[in-house]
Amino acid sequence: MKSILRKNIFREFRFSFARFISIATLLGLGVFVLIGLKVTGPDMRTTGNDYYTAHKMADAVINSNTGITKADQAYMRQLPHVKKMEFGTSKDAIIKGTNDSIRLNSKTDNLSIRVRLKTLL
């Protein structure tokens, strides 16, 4: 009985070898995608945390349409969960002769510092 079952299994593989290879390839591809998705999340979080730490990125940014007054600044400085705070301004401008716009932000000293990129030649 076992020898007939083995013969039947080997015969099925021999006559449908292409189907066997395609199913095995799809299974392997699915495993690689699953592993890739499982590994990518933690790696992306680590990369993001490293970038935020290196550039001292701000945890929160407060924008105002009417401007932040000195009283607002004093109130925000007294909040118990705030360690560091910096204030700045931003302007939107349209580039002359085009339909392109640009946002200009004032430079900060301690938070959200920008690092100049080295040009590769």
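Reckoned from all heavy atoms, side chains included, excluding hydrogens, waters and symmetry mates. Counting from 1, the numbers follow the sequence of the chain as shown.
- Under the rule for a side chain to side chain contact (heavy atoms under 4.5 Å, CB included), Leu26 has no partner lying at least two apart in sequence or in another chain.
- Residues passing the side chain to side chain contact (heavy atoms under 4.5 Å, CB included) test with Val33 are Leu37, sequence neighbours excluded.
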Sequence neighbours excluded and cut-off under 3.5 Å, please list the side-chain donor-acceptor pairs for residues 76-83, or say none.
none

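- Asn99 is linked by a side chain to side chain contact (heavy atoms under 4.5 Å, CB included) to nothing, counting only residues two or more places apart in sequence or in another chain.
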Show every donor-acceptor pair shorter than 3.5 Å between a side-chain atom in residues 9-18 and any protein atom, with sequence neighbours excluded, or say none if there are none.
from	atom 1	to	atom 2	distance (Å)
Ser16	OG	Glu12	O	2.5

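- Annotation for Ile23: hydrophobic cluster partners, listed by chain and number, are Leu27 (ILVMFWY side-chain heavy atoms under 4.5 Å, direct or chained).
- Here Asp92 pairs with Arg103 under the side chain to side chain donor-acceptor pair (under 3.5 Å) rule; sequence neighbours left out.
- For Tyr75, the OH atom counts as loosely surrounded, since its 6.0 Å shell holds 12 or fewer non-hydrogen atoms of other residues, nucleotides or ligands.
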Check: residues 44-54 side-chain donor-acceptor pairs under 3.5 Å, at least two apart:
from	atom 1	to	atom 2	distance (Å)
Thr46	OG1	Pro42	O	2.9
Thr47	OG1	Asp43	O	2.9
Asn49	ND2	Arg45	O	3.4
Thr53	OG1	Asn49	O	2.8

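- Applying the ring-ring contact (aromatic ring centres under 6.0 Å, His included) test to residues at least two apart or on different chains, none of the pairs has a partner in residues 90-109.
- Grouped by direct or indirect side-chain proximity (heavy atoms under 4.5 Å, Ile/Leu/Val/Met/Phe/Trp/Tyr only), Val31 sits with Ile35, Val39.
- Heavy atoms only, all atoms of each residue included: Ile68 and Asp72 are closest at CG2-CB, 3.5 Å.
- In this structure Thr40 satisfies the side chain to side chain donor-acceptor pair (under 3.5 Å) test with no other residue, sequence neighbours excluded.
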